[in-house]
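Notes follow the structure.
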Amino acid sequence: MSVIVLTLIILVGSYFAGLLGSLTGLGGGFIIIPLLTLGLNVDIHYAIGASLISVIATSSGAAAAYVKEGITNIRIGMFLEIATTIGAFMGATIALHIQTHYIAILFGMILAFSAVMSFVKKKQEILPEGSPMADKFKLNGSYPTPDGVVKYGVRNVGGGFFMMVFAGTISGLLGIGSGALKVVAMDSIMRIPFKVSTTTSNFMIGVTAAASAVVYLQRGYIDPAISMPVVVGVLLGALSGSKILINARSAGWLRWLFTIIVSILAIQMIYNGLTGRL
Amino acid sequence: MAAGNFKDKDMQSIIGWILRVGVIVSMTVVVFGGAVYLYRHGHSIPDYSAFNGVPQFVYPSNIISGILAFRGRAIIQAGIILLISTPVLRIIFSFIGFIIEKDRLYTFISLLVLLIIVASMLSGHAG
């Protein structure tokens, strides 16, 4: 396969990965890594590096739009970035030393978990007051809704912080945004309202990924020839995805389709990891 | 909490602007480098099945000399470095913003995040 053909295949695949990732909120990395490793026989290190770069591009692009609307809580983001960057640094360092088939198995497991999480019905009450710890770190905030400004309090700061170290480690280890884990930390543990937690999670993903990307870059995980079509494709796909989300609300069947694809990929990654082919 | 005319709202619009410009500029460089690379190497046969660490495009000096020699992959790599710098730049600007707001706690927290990233950068180089 020549460079031009390979680049075109990766570009088209990444476009659809970005599109589906944006429509379902799972992110593009989940399809990119299996596509490159299982589909195109690219070494998993290069796949992780390229995916991580695309994660920075899409999250920065989306965060630029959200942050202006005033929903993102910059202080929560900044505070929890201490946890995610420490985690990302550890994850990237671990990735240098463990065998690749463990990475493949872990990837499959996180993939399956994220797919299930995207289906769990969410219910949440907004808390009027935060914990003393949240007061101390000025994490409580407010955000605009159609019915006026809503104030919210934040709970269990320590638990959320710990979960974020884990989310950061997974991100650094697997080259994904690990949005599903960040949302668990913020929604379920810290009780941050959904709109705030999803936009703030997105805001944090770029910084988290940058912390492990600097390690990957120096270790040669980021191959320019592979990263180029991945980052361009995923970003364009994510842009189209955000347009579709605004225009149509019939994303229900897409979500099912995506979950089926993701489940097959998860099983394949685990299987190939167990048999030592990845 | 906010001092003078500078408020959280101003910080939000500056951060939004930095992220947007960072993505646009770095993607332009990546696409341009990609075009150069495909023009020069489009018909060679690559092999990515084994990891060999692409040592040519790891060190800044190699990337700079590569750009001067108009090598596509060196230009792409420069774009990728710009992209990685975008969120880091965002932290630097938040740091300055929190200083102006006289929010000592968050000035310290932004600095801490920045130091963690610098530390991981240095460790990658050494180890």
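Of the two parts of Met228(A), the backbone and the side chain both hold a non-hydrogen atom closer than 4.5 Å to a non-hydrogen atom of chain B. In this structure, chain B has no heavy atom under 4.5 Å from any part of Tyr216(A). Looking at Leu235(A), the atoms closer than 4.5 Å to chain B (heavy atoms on both sides) all sit in the side chain, from C-beta outward. At a 4.5 Å heavy-atom cutoff, Thr208(A) makes no contact with chain B through either its backbone or its side chain. For chain B, the nearby part of Leu6(A) is the side chain; its heavy atoms alone come within less than 4.5 Å. Ile53(A) touches chain B through backbone and side chain together, each having a heavy atom under 4.5 Å away.
Taking each heavy atom of Gln218(A) and Met121(B) in turn, the nearest pair found is NE2-O, 2.8 Å. Of all heavy-atom pairs spanning Lys68(A) and Ser13(B), the tightest one is CE-O, 4.1 Å. In terms of heavy atoms, Ala57(A) sits closest to Val23(B) at O-CG2, 4.0 Å.
The shortest distance between side-chain heavy atoms of Val214(A) and Ile84(B) falls below 4.5 Å. Ser49(B) has its side chain out of reach of Asp43(A): every pair of non-hydrogen atoms, C-beta onward, lies at least 4.5 Å apart.
Taking a 6.0 Å sphere around OH of Tyr152(A), one finds it holds more than 12 heavy atoms contributed by other residues, nucleotides or ligands.
The candidate with the highest count of non-hydrogen atom pairs below 4.5 Å against chain B, out of Thr37(A), Val232(A), Ile226(A), is Ile226(A). When Ala209(A), Ala92(A), Ala47(A), Ala211(A) are compared by the number of non-hydrogen pairs under 4.5 Å with chain B, Ala211(A) comes out ahead.
Remark: Arg219(A) is not positioned above the aromatic ring of Phe51(B), lacking an NZ or CZ atom under 6.0 angstrom from the ring centre and at most 45 degrees off the axis.
Aromatic rings of Phe137(A) and Tyr106(B) (six-membered ring for Trp) have centroids beyond the 6.0 Å cut-off, not under it.
When atom types are taken as modelled, the side chain of Thr85(A) and the backbone of Val113(B) share no donor-acceptor pair closer than 3.5 angstrom.
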Legend entry - Worked verdict on Lys138(A) versus Asp103(B) for salt bridge (Lys or Arg N to Asp or Glu O under 4.0 Å): CA-CA 10 Å; Lys138(A) 302 179 210 169; Asp103(B) 186 334; 2.9 Å; yes

